[in-house]
Amino acid sequence: MFTLHYTDRGTTKQRILDEILIDRDLACPTEPNIIAIVAGVIGGILIVGILLLILWKVYITIVDKREYTKFLEERSKAKWNTGLSPLYKEPMTKYTNPLYTAATSRI
């Protein structure tokens with residue numbers, strides 16, 4: 001590794017090299033722990049995703065509770081007859097054949 005030292009001379013902005021320092025011990029930086037970096041990024045993404053899901057679930061639960069209480073209030077204020085509807089028609093009908101009943105009564 002080299003270290004250069006300069007001095008400025010006058011107003012002409014000329015720089016003159018004063019000295020060069022050379023470091024004879026070359027020390028390489030240690031390699032980063034790739035596994036730790038990848039695990040940290042994946043873990044961070046998972047934690048943020050899970051937190052967002054939890055926040056969404058809490059929000060939806062609160063909204064649903066509000067809507068359900070509003071529904072219960074509207075249902076309690078209802079003022080209609082709970083009997084049979086005039087539009088309701090029973091699905092089963094009973095038909096009698098007048099000729100059949102007349103024929104069985106003669107025998």
Side-chain angles (χ1 to χ4, degrees):
M1 182 158 106
F2 299 99
T3 305
L4 305 175
H5 293 282
Y6 292 98
T7 57
D8 291 332
R9 297 274 175 140
T11 60
T12 60
K13 294 188 179 182
Q14 293 178 344
R15 296 180 74 182
I16 298 174
L17 182 63
D18 285 340
E19 62 180 316
I20 300 175
L21 299 174
I22 300 172
D23 188 8
R24 302 258 182 217
D25 295 328
L26 299 177
C28 294
T30 59
E31 292 182 10
N33 190 354
I34 304 254
I35 295 173
I37 293 171
V38 170
V41 169
I42 291 173
I45 291 171
L46 284 175
I47 289 173
V48 168
I50 290 171
L51 286 175
L52 286 175
L53 286 174
I54 290 171
L55 288 174
W56 180 256
K57 180 63 179 171
V58 168
Y59 172 73
I60 292 298
T61 303
I62 292 170
V63 169
D64 285 346
K65 283 183 181 180
R66 286 181 187 164
E67 289 180 0
Y68 184 67
T69 55
K70 184 178 176 183
F71 167 74
L72 289 177
E73 288 175 7
E74 288 177 1
R75 191 174 73 174
S76 67
K77 292 178 185 177
K79 295 182 180 179
W80 63 76
N81 188 5
T82 57
L84 292 177
S85 170
L87 300 176
Y88 178 72
K89 183 178 179 182
E90 292 206 22
M92 300 290 290
T93 56
K94 184 176 180 180
Y95 294 101
T96 57
N97 187 351
L99 295 177
Y100 178 73
T101 55
T104 55
S105 64
R106 285 189 220 158
I107 299 178

How long is the straight-line distance from [atom2] of [Y] back to [atom1] of [X], given to the nearest 0.5 Å?
X     : Y     : atom1 : atom2 : answer
Lys77 : Leu72 : NZ    : CG    : 12.0 Å
Ile42 : Ile47 : CD1   : CD1   : 12.0 Å
Asp64 : Thr69 : CG    : OG1   : 10.5 Å

* To do: State, with a plain yes or no, whether a side-chain heavy atom of Trp56 is found less than 4.5 Å away from one of Ile60.
  => yes
* Asked: Tell me, do Lys57 and Ile54 make a side-chain contact under 4.5 Å, heavy atoms counted?
  ->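 Contact flag for Lys57/Ile54 side chains = no.
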